[in-house]
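Read through the structure below, which is laid out as structure tokens, and then see the notes.
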Amino acid sequence: QVQLVESGGGMVQAGGSLRLSCVASGRTASSYSMAWFRQAPGKERQFVAGIIRNLPKTDYVDSVKGRFTISRDNAKNTVYLQMFSLKPEDTAVYYCAAKFAYAVPKTVGAVDYWGQGTQVTVSS
């Protein structure tokens, strides 16, 4: 069992930056591959970025490549999503996700655990 708690969301103007954090607690939290998803109003939840357990391998959706960076600090059981050059279309609730596997969960059905979400609003 893993519990995920996100923080760091907020409101920012277009072009600004934010850093989201996700603290994982529970048994062997560092054994999970982690990801960030987002869900805008009226839209499906979609994969944004992921990082494989114990490996420096990351993956991103095309729309955030070069602007977002996912990283993890296993000593702190924390995963980060650094977001630069934010756009209004990045506005969404951002969810932290975990999967007990050597693979990034890229679909909602592949996720084992979810956080409660944190709102990111980018104004134009």
Side-chain angles (χ1 to χ4, degrees):
Q1 189 81 8
V2 173
Q3 294 79 43
L4 306 173
V5 179
E6 304 100 330
S7 63
M11 183 177 292
V12 64
Q13 289 188 331
S17 62
L18 283 174
R19 188 177 79 159
L20 306 183
S21 300
C22 171
V23 178
S25 60
R27 197 170 138 197
T28 62
S30 62
S31 298
Y32 287 77
S33 291
M34 304 295 293
W36 288 93
F37 284 68
R38 67 186 178 187
Q39 188 166 19
K43 295 189 176 180
E44 294 184 350
R45 194 171 298 187
Q46 66 166 181
F47 169 80
V48 176
I51 186 165
I52 296 179
R53 57 178 277 191
N54 298 330
L55 291 174
K57 293 188 68 175
T58 58
D59 196 5
Y60 300 89
V61 67
D62 286 346
S63 61
V64 307
K65 286 180 179 177
R67 300 190 298 122
F68 291 11
T69 301
I70 187 171
S71 62
R72 69 190 299 167
D73 184 338
N74 284 338
K76 296 182 179 180
N77 285 334
T78 302
V79 176
Y80 303 98
L81 185 67
Q82 178 68 59
M83 305 184 291
F84 294 105
S85 302
L86 283 161
K87 304 175 181 180
E89 51 263 43
D90 294 319
T91 295
V93 177
Y94 283 70
Y95 295 91
C96 182
K99 180 176 179 65
F100 188 63
Y102 276 104
V104 169
K106 299 183 73 172
T107 63
V108 170
V111 173
D112 292 330
Y113 299 101
W114 292 100
Q116 82 288 352
T118 185
Q119 176 71 46
V120 171
T121 302
V122 185
S123 61
S124 59

Return a table of donor-acceptor pairs under 3.5 angstrom between the side chains of residues 3-16 and protein atoms on other chains or two or more places apart.
{"from": "Gln3", "atom 1": "OE1", "to": "Ser25", "atom 2": "OG", "distance (Å)": "3.3"}
{"from": "Glu6", "atom 1": "OE1", "to": "Gln116", "atom 2": "N", "distance (Å)": "3.0"}
{"from": "Glu6", "atom 1": "OE1", "to": "Gln116", "atom 2": "NE2", "distance (Å)": "3.3"}
{"from": "Glu6", "atom 1": "OE1", "to": "Gly117", "atom 2": "N", "distance (Å)": "2.9"}
{"from": "Glu6", "atom 1": "OE2", "to": "Cys96", "atom 2": "N", "distance (Å)": "2.7"}
{"from": "Glu6", "atom 1": "OE2", "to": "Gly117", "atom 2": "N", "distance (Å)": "3.2"}

Next item on the list: In sequence, state the C-alpha distance, the side-chain angles, and the governing distance for Asn74 and Asn54, and then conclude on side chain to side chain contact (heavy atoms under 4.5 Å, CB included).
Entry: CA-CA 8 Å; Asn74 284 338; Asn54 298 330; 3.7 Å; yes
Next item on the list: Report yes or no: is the cationic atom of Lys65 (NZ for Lys, CZ for Arg) under 6.0 Å from the centre of the six-membered ring of Tyr60, at an angle within 45° of the ring normal?
Entry: no
Margin query: How close do Leu20 and Val120 get, counting heavy atoms only, and between which atoms?
Written below: CD2-CG2, 4.0 Å
Checklist line | Closest approach of Ala101 to Ser33 (non-hydrogen atoms, all atoms of both residues) | finding: O-OG, 2.5 Å
Margin query: If I take atom CD1 from residue Ile51 and atom CG from residue Asp59, how far apart are they, to the nearest 0.5 angstrom?
Written below: 11.0 Å
Check: Can you check whether Arg53 reaches Arg72 side chain to side chain, under 4.5 Å on heavy atoms?
Finding: yes
Check: In Å and rounded to the nearest 0.5 Å, what is the CG to OG1 distance from Leu18 to Thr118?
Finding: 9.0 Å
Item checked: side chain to side chain contact (heavy atoms under 4.5 Å, CB included) between Arg38 and Val64, worked out -> CA-CA 12 Å; Arg38 67 186 178 187; Val64 307; 4.1 Å; yes
Notebook entry, point to check: Can you list the residues that meet the side-chain hydrogen bond (donor to acceptor under 3.5 Å, both in side chains) rule with Lys87, with sequence neighbours excluded?
Noted result: none
Next item on the list: Answer yes if Met34 and Phe100 sit in the same cluster of Ile, Leu, Val, Met, Phe, Trp and Tyr residues linked by side chain heavy atoms under 4.5 Å apart, and no otherwise.
Entry: yes
Note to self: Could you measure the distance from the NZ atom of Lys99 to the OG atom of Ser31? Nearest 0.5 Å is fine.
What the structure shows: 14.0 Å
Next item on the list: Check whether any side-chain N or O of Thr78 sits under 3.5 Å from a backbone N or O of Val23 as a donor-acceptor pair, and report yes or no.
Entry: no
Notebook entry, point to check: If Ile, Leu, Val, Met, Phe, Trp and Tyr residues are connected whenever their side-chain heavy atoms lie under 4.5 Å apart, and connections chain through other members, are Tyr113 and Trp36 in the same group?
Noted result: yes
Margin query: Side chains of Tyr80 and Asp73, heavy atoms from C-beta outward: is any pair under 4.5 Å?
Written below: yes
Check: With a 4.5 Å heavy-atom cut-off, do Met83 and Phe68 have their side chains touching?
Finding: yes
Notebook entry, point to check: How are the rings of Phe37 and Trp114 set relative to one another: parallel (under 30°), tilted (30 to 60°) or perpendicular (over 60°)?
Noted result: perpendicular
Next item on the list: Work out which heavy atom in Ser123 is nearest to a heavy atom in Pro88; give both atom names and the distance.
Entry: C-CG, 4.5 Å
Next item on the list: Answer yes or no: is there a side-chain heavy-atom contact under 4.5 Å between Arg67 and Asp90?
Entry: yes
Check: With sequence neighbours excluded, what pairs up with Val93 under the side-chain contact (heavy atoms from CB on, under 4.5 Å) test?
Finding: Tyr95, Gln119
Margin query: If I compare all heavy atoms of Pro105 with all of Ala110, which pair ends up nearest, and what's the gap?
Written below: CB-O, 3.9 Å
Next item on the list: Write down the atom of Thr91, the atom of Ala40, and the distance for their closest heavy-atom approach.
Entry: O-CB, 3.7 Å
